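Input: a single structure, listed below in structure tokens.
Remember, it's a predicted structure, so these values are computed and weren't measured experimentally. The sequence lines fix the lettering, A, B, ..., with proteins before strands; numbering per chain opens at 1.
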Amino acid sequence: MYRSHYSKEITKTEYNSKVIVAGWVEDTRNLGSIAFLILRDKKGTLQLTILKKKIPELFEKFISLPRESVISVKGLCKENGKVRNGYEILPDSVDILSISETPLPLGVVDKVEADFDTRLDNRIIDLRKPETQAIFKIRNAVLAVAHEYLRSQSFLEIHTPKIIASSSEGGTDVFKLQYFEKEAFLAQSPQLYKQGLMATGLDRVYEIAWYFRAEEHNTRRHLNESTAIDVEMAFIKDEEDVMRILENLVHAMWKRASECTEELDILKKTVTIPKIPFPRLTYDYVVNKIQQRQSPIQWGMDFSTEDERLLGDIMKKEGIDFYFITKYPLESKPFYTMPSGDKYSRGFDLECKGVEISSGSQRIHDVTLLKERLKACNLNPQDFYAYLNAFRYGMPPHGGFGFGIERFLMELLEISNIRECILFPRDRSRLTP
RNA sequence: GCCCCGGUAGUGUAGUGGCCUAUCAUGAAGCCCUGUCGAGGCUUCGACUUGGGUUCGAAUCCCAGCCGGGGCGCCA
């Protein structure tokens, strides 16, 4: 047995008894005849106190261990108020499981900061830091509640193909790949599949999966491989039904994040749970509002990054972090978006502090209208033959949204670089580790 | 796709034409030290992205390449 207790699990009941602990050698402080070794495990750190006169060979073994080596130690747990945890462990024996090479390419507890790039190059070591781990523990927690919430609302979890025959929506660039004798693409979203499933009677589906975008952007807010929560629901009255699910989902995730007190303390962040329902601002209202603030935007144009930021500031002053922008012009939304009159659509975005974290809409379910819209968007209906088939034999009214997980975490934890929010980021230049 | 910026020991940096056989910190190797917790003290080790050019002289100036960061567009 390599471990009887994790560091945090040792309490008064273990004092004066033997324990076995295991983990990484974070630091050693050798004072000559006494040495202190900090051992790190999943739950925290603890101190081993080694006396030379007790077992000289054991002392030598401990002080010669390079940092980040992996060991398992059996010893006596003693109460000691001078030590941070309130106890220390006096080792009887050590099992050296792995000796680390030196020097480390990245120190786990170095006194000098490393560049983000160096951290990513050595991500496995970077992930030994509690503050790096905290992000992924919170990510795990919010995704758990996303599953819980969606399932509670009768959504069925699905998985759609990521290798697809044609670019799904036009718009962003897709990665090409060789699929035996055919050309194929990596999915940029599950859009067309989740819509197709609305014609099956499953009614409510969601997917949490990977998506790929071949855009050559190089910013703090973009990844070429990212994850998203996608939701689609049938028999909706209009897009308002979809927005209600989305705001409840975001609220549940934000609330669960606020309960991750240990991780938030490590990150020195506080999370304020937003009030629902979120305000619905129409596109027209927003255009008018930001024009008053000297934005050059004209009706029909998409909001620029600067425009979004400006609106974020305006809403912040009113104490609002989350808001929907609704009733976008038809031409600024994808072909499958349900029109509302001639000029407008039933598409919406959910913004958080001036950043788009989700977009969705009521979709077109009438195959004739869908073909018209494809043509209007300069797309060839022939290319969407398989997709259109789903609409020919009974398709109910439906809608849904897509929700970027890394973008969400960025806003939740006020992280300035999206690459912090994914274990092994893929960006314009990074393909390893 | 357009535009801007950067590359000095394992890590983070100083250095803007000669004072650089390159600064400091951290690290690593070793020695001293029985209560450390950013331990302390001493010794040692270790670097100018590549190729051209300018110059008496280049880490420093110029050109090209390579590698990287960021802003915008587009989007999540």
Side-chain angles (χ1 to χ4, degrees), chain A residues 26-39 45-54 59 63-64 66-68 78 80-86 88 90 100-122 125-126 169-174 188-191 209-230 301-309 332-334 349-352 355-360 401-411 416-419 421-422 427-430:
Chain A
E26 189 162 283
D27 196 16
T28 51
R29 288 187 279 274
N30 176 13
L31 277 68
S33 299
I34 187 169
F36 305 99
L37 188 148
I38 306 302
L39 191 74
T45 58
L46 57 80
Q47 176 175 295
L48 307 176
T49 303
I50 311 118
L51 286 160
K52 193 176 194 170
K53 67 176 183 196
K54 202 175 155 204
F59 187 86
I63 63 161
S64 60
R67 294 195 303 167
E68 297 305 314
K78 288 278 283 187
N80 189 335
K82 282 188 272 189
V83 185
R84 281 210 178 120
N85 296 22
E88 61 190 349
L90 308 171
S100 172
E101 288 182 29
T102 60
L104 295 166
L106 174 71
V108 178
V109 288
D110 265 5
K111 289 143 196 160
V112 290
E113 267 302 296
D115 287 345
F116 189 39
D117 217 39
T118 307
R119 289 177 44 209
L120 288 180
D121 283 341
N122 302 283
I125 298 177
D126 184 50
E169 302 169 42
T172 55
D173 290 329
V174 291
Q188 60 163 86
S189 102
Q191 184 63 33
W210 293 101
Y211 302 103
F212 309 90
R213 312 236 163 138
E215 293 283 342
E216 294 197 31
H217 33 47
N218 195 331
T219 78
R220 298 170 305 147
R221 312 185 311 282
H222 293 92
L223 291 167
N224 291 290
E225 185 182 66
S226 68
T227 59
I229 303 176
D230 263 274
M301 288 165 65
D302 269 330
F303 300 116
S304 69
T305 304
E306 186 55 38
D307 290 334
E308 285 190 291
R309 214 171 292 153
S332 72
K333 285 286 167 191
D349 284 353
L350 176 62
E351 302 263 326
C352 173
V355 177
E356 181 189 333
I357 60 167
S358 175
S359 69
F401 59 85
F403 179 91
I405 295 166
E406 289 82 22
R407 278 278 175 90
F408 169 80
L409 283 168
M410 248 179 120
E411 293 312 311
S416 63
N417 196 317
I418 197 165
R419 282 165 270 220
C421 302
I422 192 159
D427 60 29
R428 178 68 187 84
S429 54
R430 183 173 290 279

Exercise for the section: Using only side-chain N and O atoms of A:K111, determine if any of them is under 4.0 Å from OP1 or OP2 of B:rC24. Expected result: no
Problem - Short side-chain to backbone donor-acceptor contact, A:D427 and A:R430, under 3.5 Å - result: yes
Problem - Sugar-phosphate, base or nothing in reach of A:N30, heavy atoms under 4.0 Å - result: base
Exercise for the section: Counting Watson-Crick and G-U wobble pairs only, both distances under 3.5 Å, name the nucleotide matched with B:rC61, or none. Expected result: B:rG53
Handout entry: Donor-acceptor under 3.5 Å (A:S358 side chain, A:G402 main chain)
Key = yes
Practice task
Identify whether any heavy atom of A:E225 sits under 4.0 Å from a base atom; if not, whether one sits that close to sugar-phosphate; answer base, sugar-phosphate or nothing.
Solution key: nothing
Exercise for the section: Pick base, sugar-phosphate or nothing for A:K53, based on heavy-atom distances below 4.0 Å to the nucleic acid. Expected result: base
Problem - Of the listed nucleotides B:rG68, B:rU36, B:rC75, the one nearest the side chain of A:D117 - result: B:rG68
Exercise for the section: Would you indicate, yes or no, if B:rC72 has its OP1 or OP2 atom less than 4.0 angstrom from a side-chain nitrogen or oxygen of A:R221? Expected result: yes
Exercise for the section: Once you apply the 3.5 Å cut-off to both distances, tell me the Watson-Crick or G-U wobble partner of B:rC42, or none. Expected result: B:rG30
Problem - B:rA39 OP1/OP2 closer than 4.0 Å to side-chain N/O of A:R29 - result: yes
Exercise for the section: Take A:N85 and A:Q47, measure what side-chain contact (heavy atoms from CB on, under 4.5 Å) needs, and give me the verdict at the end. Expected result: CA-CA 8 Å; A:N85 296 22; A:Q47 176 175 295; over 6 Å; no
Handout entry: Comparing A:S332 and A:L120 on RNA chain B - which has the more 5′ nearest nucleotide
Key = A:L120
Practice task
Would you mind classifying the nucleic acid contact of A:A228 as base, sugar-phosphate or nothing, using non-hydrogen atoms under 4.0 angstrom?
Solution key: nothing
Handout entry: Euclidean distance for P, B:rA47 against B:rA22 (whole angstrom)
Key = 10 Å
Exercise for the section: Determine: side-chain N/O of A:R430 to OP1/OP2 of B:rG69, distance under 4.0 Å, yes or no. Expected result: no
Practice task
Can you tell me, in whole Å, how much space there is between the C1' of B:rU23 and that of B:rA59?
Solution key: 13 Å
Practice task
Please work out if A:S359 contacts a base, only the sugar-phosphate, or nothing of the nucleic acid, heavy-atom cut-off 4.0 Å.
Solution key: sugar-phosphate
Practice task
Please check the phosphate of B:rG71 (OP1 and OP2 only) for any side-chain N or O of A:T305 closer than 4.0 Å.
Solution key: no
Exercise for the section: Kindly say if A:R220 contacts the phosphate of B:rC72, meaning a side-chain N or O under 4.0 Å from OP1 or OP2. Expected result: no
Problem - A:S100 side chain vs A:R67 backbone, donor-acceptor pair below 3.5 Å - result: yes
Exercise for the section: State whether A:T118 places a side-chain N or O below 4.0 Å from either non-bridging phosphate oxygen (OP1 or OP2) of B:rG12. Expected result: yes
Exercise for the section: Name the nucleic acid region contacted by A:L223, choosing base, sugar-phosphate or nothing; use a 4.0 angstrom heavy-atom cut-off, strictly under. Expected result: base
Exercise for the section: Identify the nucleotide, in any strand shown, that forms a Watson-Crick or G-U wobble pair with B:rG35, with both distances under 3.5 Å; if there is none, say none. Expected result: none
Practice task
May I ask you to verify if any side-chain N or O of A:N122 is less than 4.0 angstrom from the OP1 or OP2 atom of B:rG10?
Solution key: no
Problem - Base of B:rC74 paired with side chain of A:H222 (donor-acceptor, under 3.5 Å) - result: yes
Handout entry: Side-chain (A:R407) to main-chain (A:R221) donor-acceptor, under 3.5 angstrom
Key = yes
Problem - Interatomic distance at P, B:rC45 relative to B:rU49, whole Å - result: 22 Å
Practice task
Indicate yes or no: does A:D117 engage A:R419 in a salt bridge with an N to O separation below 4.0 Å.
Solution key: no
Exercise for the section: Ignoring the backbone of A:V112, work out which of B:rC74, B:rU26, B:rA29 is nearest its side chain. Expected result: B:rU26
Practice task
With C1' as the reference atom in both, quote the distance from B:rA14 to B:rU8 in angstrom, rounded to an integer.
Solution key: 10 Å
Exercise for the section: Give a yes or no on whether the backbone of A:T227 and the side-chain of A:E406 come within a donor-acceptor separation of less than 3.5 Å. Expected result: yes
Handout entry: Minimum-distance nucleotide (side-chain atoms of A:L31 versus B:rG71, B:rU34, B:rA76)
Key = B:rU34
Problem - Length of the CG-C1' vector between A:N417 and B:rG68, whole Å - result: 13 Å
Problem - A:S304 side-chain proximity, nearest of B:rA28, B:rG35, B:rG73 - result: B:rG73
Fill in the blank from the handout: A:R67 has its side chain closest, among B:rA76, B:rA28, B:rG70, to B:rA28
Practice task
Could you give the distance separating B:rG6 and B:rC48 at their C1' atoms, to the nearest angstrom?
Solution key: 15 Å
Problem - Partner nucleotide, any strand, of B:rC72 [Watson-Crick/G-U, under 3.5 Å] - result: B:rG1
Exercise for the section: Please state whether the phosphate of B:rG38, meaning OP1 or OP2, lies under 4.0 angstrom from any side-chain nitrogen or oxygen of A:R84. Expected result: yes
Handout entry: Pair partner, B:rU13 [Watson-Crick or wobble, under 3.5 Å]
Key = none
Problem - Counter-base of B:rG6, judged by Watson-Crick or G-U geometry with both distances under 3.5 Å - result: B:rC67
Exercise for the section: For the side chain of A:E216, starting at C-beta, report the closest nucleotide among B:rG1, B:rU34, B:rA76. Expected result: B:rG1
Handout entry: B:rU13 versus B:rG69 - spacing of their P atoms, nearest Å
Key = 15 Å
Practice task
Whole angstrom is fine here: how far is it from CG in A:D115 over to P in B:rG10?
Solution key: 15 Å
Exercise for the section: Would you classify A:L51 as touching base, sugar-phosphate or nothing, given that sugar-phosphate means primed atoms plus P, OP1 and OP2, and contacts are heavy atoms under 4.0 Å? Expected result: base
Handout entry: Pairwise P distance, B:rC24 and B:rG46 [rounded to whole Å]
Key = 15 Å
Handout entry: Sequence-distant partners of A:F408, ring-ring contact (aromatic ring centres under 6.0 Å, His included), two or more places apart
Key = A:W254, A:F403
Handout entry: Minimum-distance nucleotide to A:R309 side chain [options: B:rC72, B:rU36, B:rG27]
Key = B:rC72
Exercise for the section: Describe the nucleic acid contact of A:D121 in one word from base, sugar-phosphate, nothing, applying a heavy-atom distance below 4.0 Å. Expected result: nothing
Exercise for the section: Under 4.0 Å between any heavy atoms, over every strand shown, what does A:N80 touch: base, sugar-phosphate, or nothing? Just pick one. Expected result: base
Completion exercise
Closest of B:rA28, B:rG12, B:rC37 to the A:Q47 side chain is B:rC37
Exercise for the section: Would you check if the side chain of A:D307 reaches a backbone N or O of A:S304 as a donor-acceptor pair within less than 3.5 Å? Expected result: yes
Problem - Out of B:rC72, B:rG27, B:rG68, whichever nucleotide has its closest atom nearest the side chain of A:T219 - result: B:rC72
Problem - Euclidean distance for P, B:rG41 against B:rG70 (whole angstrom) - result: 37 Å
Practice task
Using heavy atoms to find the nearest nucleotide of RNA chain B for A:S358 and A:K82 separately, return the residue whose nucleotide is more 5′.
Solution key: A:K82
Exercise for the section: Under 4.0 Å between any heavy atoms, over every strand shown, what does A:V83 touch: base, sugar-phosphate, or nothing? Just pick one. Expected result: base
